[in-house]
Amino acid sequence: MHKTEDKDVSKKTKTRPRYAWTAASRHPADLAGELVINKARFVQIGDQLEKAFGKSSNISLMHETVTHLMRITNELQEGIMQLRMVAIDQVFSKFPRIVRDTSRKLGKQIELAIVGKETELDKSVVEIISDPLMHLIRNAVDHGIETTEERRKLGKNVTGIITLRAYHQGSSIVIEIEDDGKGLDAGMLRRKACEKGLLTEKEAANLGDREAMNIIFLPGFSTAAQVSDLSGRGVGMDVVRRNVEQLNGVIDIASEVGKVPVSLSSCH
């Protein structure tokens, strides 16, 4: 039987290798994590072998190799983490326009001050933290800062200030949102929670002023008098807290008359 070769076909099917991450591919960061786990297992196995058979040249060589593997693995993991880090300005940069357009629509004068926009964090965190920050910024514009006329009557500068701040604290990233508006009234929060059936009068009365601040995180709670395209749309602070906790972070709020700082801490 005579076998022929089709040279043209072989040329057409010859291609350069291509590499791409698909939905089913495993991310390098995940692979590095498994490498770290197996590195620890090598150390444990080496110790067990030494305990069972005593010291030998082969076991000493294994310890030396494992030590070298540990160093390479640590450097690889640090390098991958650095590749995943991006400046939080990717999120912060879109807020000035939102504040400007929204405040104009509400007839308010508001400036947004941004501090620490160069702070870096994992890009997966950036993707998740964007919506919670958007909600908090809009809340500050809508609920926090008073109208120009109200501020004038209170003797305040007619222009309200919202400060968005990011910084490292140990191994965590802290993001703070602060406004110089009217603040949160603990009594009003208790009253609203009772009216909506979220707390009994006894439960509300037992809350201290600092504890009462957390009422805003109750599902279904809102201080909006009526539904608008900014407030009372069913997306509450409970959703914000859930998104932050998804990142192993915490959210805290403190208020005094004329000042409402909100702090989000994302732990890595």
Side-chain angles (χ1 to χ4, degrees), residues 27 29 81-148 151 157-169 172-182 184 216-217 222-224 227-255 259-268:
H27 196 281
M81 291 305 296
Q82 284 300 316
L83 289 174
R84 290 170 61 89
M85 300 296 278
V86 296
I88 201 169
D89 189 46
Q90 286 194 13
V91 178
F92 283 9
S93 61
K94 61 186 177 183
F95 293 139
R97 180 177 178 180
I98 291 171
V99 170
R100 184 173 61 251
D101 293 347
T102 307
S103 60
R104 187 178 300 153
K105 185 175 183 179
L106 293 171
K108 298 181 179 181
Q109 294 181 37
I110 302 175
E111 290 183 2
L112 177 65
I114 295 178
V115 181
K117 64 181 181 180
E118 69 285 348
T119 304
E120 292 186 331
L121 70 167
D122 192 291
K123 60 184 176 182
S124 64
V125 176
V126 169
E127 293 167 359
I128 297 175
I129 206 70
S130 179
D131 285 345
L133 286 176
M134 175 83 72
H135 188 83
L136 292 171
I137 290 290
R138 291 171 74 101
N139 262 9
V141 173
D142 193 18
H143 298 296
I145 302 294
E146 308 93 336
T147 64
T148 301
R151 292 181 69 87
N157 188 317
V158 293
T159 300
I161 303 294
I162 297 174
T163 304
L164 180 58
R165 185 182 297 108
Y167 58 92
H168 288 276
Q169 189 175 76
S172 300
I173 298 292
V174 178
I175 303 172
E176 294 177 345
I177 301 173
E178 180 179 323
D179 70 65
D180 67 347
K182 56 191 174 185
L184 287 172
I216 66 173
F217 297 118
S222 174
T223 58
V227 175
S228 70
D229 59 344
L230 290 176
S231 305
R233 295 169 299 168
V235 180
M237 289 290 286
D238 60 311
V239 177
V240 172
R241 181 163 66 176
R242 187 160 62 246
N243 287 341
V244 172
E245 290 175 347
Q246 182 183 341
L247 299 169
N248 295 322
V250 295
I251 181 168
D252 185 42
I253 185 165
S255 178
K259 190 175 183 181
V260 185
V262 178
S263 174
L264 297 84
S265 177
S266 179
C267 305
H268 308 293

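For reference, positions follow the sequence shown, starting with 1. Side chains are part of it too, since the values below use all heavy atoms of this structure and drop only hydrogens, waters and symmetry mates.
For Q109, the side-chain contact (heavy atoms from CB on, under 4.5 Å) partners are T148, V158, T159, not counting sequence neighbours. Not counting sequence neighbours, the partners of Q246 by the side-chain contact (heavy atoms from CB on, under 4.5 Å) test are I128, N243. In this structure D101 satisfies the side-chain contact (heavy atoms from CB on, under 4.5 Å) test together with R97, R104, sequence neighbours excluded. Partners of T147 by side chain to side chain donor-acceptor pair (under 3.5 Å), not counting sequence neighbours, listed by chain and number: E150. Residues that satisfy the salt bridge (Lys or Arg N to Asp or Glu O under 4.0 Å) test with R241, not counting sequence neighbours, are absent from this structure. Residues passing the side-chain contact (heavy atoms from CB on, under 4.5 Å) test with S103 are K108, I110, V141, sequence neighbours excluded.
Between atom CD of residue Q90 and atom CD of residue E120 there is a gap of 10.0 Å, rounded to the nearest 0.5 Å. If you take CD on E245 and CG on D238, they are separated by 10.5 Å, rounding to the nearest 0.5 Å. Atom-to-atom distance recorded for L106:CG and E146:CD is 13.0 Å, nearest 0.5 angstrom. Taken to the nearest 0.5 Å, the CG atom of L136 stands 5.0 Å off from the CD1 atom of I251. Of the inter-residue distances, the one linking K94 atom NZ with I137 atom CD1 reads 11.0 Å to the nearest 0.5 angstrom. Here the CG-CD1 distance, from D89 to I114, works out to 7.0 Å after rounding to the nearest 0.5 Å.
T163 places none of its side-chain heavy atoms less than 4.5 Å from the side chain of E176. Between L133 and F92 the shortest side-chain heavy-atom distance falls below 4.5 Å. At least one side-chain heavy atom of I253 sits under 4.5 Å from a side-chain heavy atom of F217. Looking only at side-chain heavy atoms (C-beta outward), I98 and M134 come within less than 4.5 Å of each other. Taking 4.5 Å as the limit, some side-chain heavy atom of I88 sits within range of a side-chain heavy atom of I175.
Closest of all the heavy-atom pairs between A87 and E118 is CB-O, 4.2 Å. Taking all atoms of both residues into account, the shortest heavy-atom contact from P132 to V240 is CB-CG1, 3.9 Å. Of all heavy-atom pairs spanning P96 and L112, the tightest one is N-CD2, 3.6 Å. I216 approaches M237 most closely through the heavy-atom pair O-CB, 3.1 Å. Closest heavy-atom contact between R151 and N157: NE-O, 2.7 Å.
Side-chain atoms of D179 do not come within 3.5 Å of backbone N or O of I145 as any donor-acceptor pair.
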